[in-house]
Asker: 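Structure below; questions to follow.
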Amino acid sequence: MTRAAGLDRLSAFLAEAGADYAAARNTDRGPDARPTTSALSPYLRRRLVTEAEVVAAAEAAFGDGGAEKFVSEVFWRTYFKGHLETHPAAWTDFLALAAADRGRLAAEPGLRRTFEAAIAGRTGIDGFDDWAQQLVETGWLHNHARMWFASIWIFTLRLPWALGADFFLRHLLDGDPASNTLSWRWVAGLHTRGKHYVARAENIRRYTEDRFDPRNLDEYPDALDEPMPPREVALPAADAAPSGDVALLLHLDDLHPESLPLGAARVVRVGGLIAHAEGASEAVRAADAAAMRDALDRAAARFDCSAGPATGAWAGALHVVTAWAPVGPSAAVLPEAVLRLRRPWDEAAWPLSNRGYSRLRSAIPRLTAA
């Protein structure tokens with residue numbers, strides 16, 4: 001999991017699937033076939049490659065019109081992050097629900113049996129069982145398969161959505177607190193209240209090219225509801241970069257220090273802080289560790305200074321600066337005294353992400369031009 005691998009993946013996408021992305025992106029041909037999506041999300045999740053450079057590369061390769069659908073999908077990731085920044089209770093409520101639901105598993109044998117069959121791929125539902133096993137074995141699912149899986153989990157198996165979101169976050173190599181939590185809420189009908197996503201057998205047959213034909217799905221369920229949706233809060237302000245010598249703290253939400261807007265600050269020391277999602281699989285932990293090693297090596301070369309784990313008094317008396325950590329595990333462990341710098345991409349897009357996606361989508365041409 002390195003920046004070089006991410007750039008190679010970007011080049012391969014632009015040369016292969018990119019031109020057909022809009023037409024083919026919903027088709028899941030299986031883990032052994034050439035991807036119909038970019039497969040860049042593990043690198044974007046850690047910002048080994050940035051949204052800005054991916055969008056610029058796509059527009060350069062295909063023009064504004066040819067890249068429009070792909071660029072819109074990149075902005076969905078930005079939207080989810082900005083939305084969670086202004087609705088942080090969606091994250092804390094998810095954590096609380098997942099903990100409570102894990103407690104229910106011990107107390108309710110029927111729920112426990114259904115849950116264990118689901119995560120082991122033993123439900124007997126064609127497609128769903130394959131996706132459960134693929135997720136655990138590879139850390140990856142096609143985006144359309146994620147939606148089908150979540151819908152079947154919630155509406156056919158009647159399992160708690162938070163347990164499903166937790167299962168994904170533990171195993172997905174691109175597991176992102178914002179995209180994962182809000183996507184599961186959207187499927188359930190909680191993100192846009194009353195508007196849920198229903199997995200239908202005909203849709204699964206069509207977009208898996210007849211590989212799967214599930215039976216007995218609940219195709220007419222009601223959306224889930226909750227007593228009170230997460231309350232909107234003001235977008236927190238970022239800090240200004242100081243001048244003079246600083247220590248730079250890297251975390252898993254932003255591992256491209258070369259492009260961080262540091263102003264007049266001069267980096268003389270770099271530390272790395274890894275905060276995994278709770279219960280993250282060994283594969284996810286290994287990917288996180290490899291990504292951090294790669295970022296520390298690049299930072300040491302870029303700033304010509306020492307770079308290593310942020311342990312003990314690693315920064316000495318220096319001011320510590322870091323890229324803004326969005327709501328999630330990294331943000332939860334950052335020291336209070338750290339100065340948090342926000343990238344222009346987020347500074348422009350996140351204020352437009354506090355409601356539905358359409359507001360941000362309409363601003364995409366202006367944002368990409370800027």
Side-chain angles (χ1 to χ4, degrees), residues 1-14 38-61 71 74-75 77-78 81 173-174 176 238-275 287-310 314-315 318-326 328 330-331 334 338-350 367-368 370:
M1 186 64 62
T2 64
R3 172 167 169 79
L7 293 175
D8 287 346
R9 179 62 244 159
L10 174 59
S11 296
F13 168 68
L14 297 177
S38 72
L40 282 166
S41 52
Y43 307 99
L44 285 166
R45 183 265 175 270
R46 298 170 178 84
R47 266 189 173 155
L48 289 163
V49 295
T50 70
E51 297 89 339
E53 65 184 325
V54 167
V55 164
E59 291 187 338
V71 170
V74 174
F75 268 93
R77 175 173 295 273
T78 300
K81 286 186 182 294
L173 294 177
D174 63 357
D176 176 80
D239 297 309
S243 59
D245 292 351
V246 299
L248 175 62
L249 180 62
L250 303 182
H251 54 72
L252 291 174
D253 288 280
D254 198 311
L255 293 176
H256 191 231
E258 300 95 319
S259 65
L260 191 64
L262 292 166
R266 177 175 174 269
V267 175
V268 298
R269 199 169 303 165
V270 180
L273 178 63
I274 294 180
D288 287 343
M292 180 59 74
R293 285 194 302 271
D294 177 64
L296 289 171
D297 289 345
R298 284 184 284 107
R302 169 67 177 82
F303 301 113
D304 191 23
C305 67
S306 64
W314 71 278
L318 294 167
H319 285 298
V320 179
V321 301
T322 191
W324 187 275
S330 294
L334 285 181
V338 171
L339 298 175
R340 295 161 172 81
L341 313 180
R342 196 143 60 212
R343 291 179 179 273
W345 179 276
D346 299 331
E347 199 68 54
W350 284 0
L367 295 176
T368 54

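Keep in mind that this is a model prediction, so the values were computed, not measured.
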Asker: Considering residues at least two apart in sequence or located in another chain, which fulfil the side chain to side chain donor-acceptor pair (under 3.5 Å) criterion with D346?
Answerer: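 Listed in chain order: R47.
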Asker: Looking at residues at least two apart in the chain, or sitting in another chain, which of them share a side-chain contact (heavy atoms from CB on, under 4.5 Å) with R293?
Answerer: A289, A290
Asker: Nearest 0.5 Å, what's the NE2-CG distance between H251 and L334?
Answerer: 5.5 Å
Asker: Check whether any side-chain N or O of E53 sits under 3.5 Å from a backbone N or O of T50 as a donor-acceptor pair, and report yes or no.
Answerer: yes
Asker: I need the D176 CG to L44 CG distance, nearest 0.5 Å.
Answerer: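 Between D176 CG and L44 CG, I get 10.0 Å after rounding to 0.5 Å.
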Asker: Would you please name every residue forming a side chain to side chain donor-acceptor pair (under 3.5 Å) with W324, sequence neighbours left out?
Answerer: E85
Asker: For S38 and F13, indicate whether the former's side chain and the latter's backbone hold a donor-acceptor pair under 3.5 Å.
Answerer: no
Asker: So, using ring pair (Phe, Tyr, Trp, His ring centres under 6.0 Å) as the criterion, who are the partners of F75 when residues are at least two apart?
Answerer: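 F75: ring pair (Phe, Tyr, Trp, His ring centres under 6.0 Å) contacts with W345.
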Asker: Check salt bridge (charged side-chain N to carboxylate O under 4.0 Å, His left out) between D245 and all other residues, then give those that pass, not counting sequence neighbours.
Answerer: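 Testing D245 for salt bridge (charged side-chain N to carboxylate O under 4.0 Å, His left out), a comparison that skips the adjacent residues, returns R266.
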Asker: Report the residues that fulfil side chain to side chain donor-acceptor pair (under 3.5 Å) with R340, sequence neighbours left out, ordered by chain and then residue number.
Answerer: none
Asker: Looking at SG of C305 and CZ of R269, how far apart are the two atoms once the value is rounded to the nearest 0.5 Å?
Answerer: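 Here the rounded value is 9.0 Å.
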Asker: Mind checking the OG1-CG spacing from T2 to L7? Nearest 0.5 Å is all I need.
Answerer: 8.5 Å
Asker: Do T322 and L250 touch side chain to side chain, with heavy atoms closer than 4.5 Å?
Answerer: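 Counting from C-beta outward, T322 and L250 never come under 4.5 Å.
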Asker: Excluding sequence neighbours, so at least two apart, what forms salt bridge (charged side-chain N to carboxylate O under 4.0 Å, His left out) with R298?
Answerer: E258, D294
Asker: Can you tell me how far the CZ atom of R77 sits from the CG atom of L40, to the nearest 0.5 Å?
Answerer: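 Nearest 0.5 Å value for the CZ-CG distance: 9.5 Å.
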Asker: List the residues meeting side-chain contact (heavy atoms from CB on, under 4.5 Å) with A315, not counting sequence neighbours, and say none if there are none.
Answerer: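 Here the qualifying residues are A247, V320.
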Asker: Could you check D288, L48, V49, L296 and say which one makes a side chain to side chain contact (heavy atoms under 4.5 Å, CB included) with L255?
Answerer: L48
Asker: Restricting to side-chain contact (heavy atoms from CB on, under 4.5 Å), what partner residues turn up for L339, sequence neighbours left out?
Answerer: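 Once residues adjacent in sequence are excluded, the partners of L339 under the side-chain contact (heavy atoms from CB on, under 4.5 Å) criterion are D239, P242, V321.
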Asker: Under the side chain to side chain donor-acceptor pair (under 3.5 Å) rule, collect the residues that match up with D254, sequence neighbours excluded.
Answerer: R343
Asker: Just verifying a value: how many Å separate R3 CZ and Y43 OH, rounded to the nearest 0.5 Å?
Answerer: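 Answer rounded to 0.5 Å: 12.5 Å.
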Asker: Apply side-chain contact (heavy atoms from CB on, under 4.5 Å) to A300 and list each qualifying residue two or more places apart in sequence or on a separate chain.
Answerer: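 Applying side-chain contact (heavy atoms from CB on, under 4.5 Å) to A300 gives A307.
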Asker: Do L262 and F303 make a side-chain contact, defined as non-hydrogen atoms from C-beta onward lying under 4.5 Å apart?
Answerer: yes
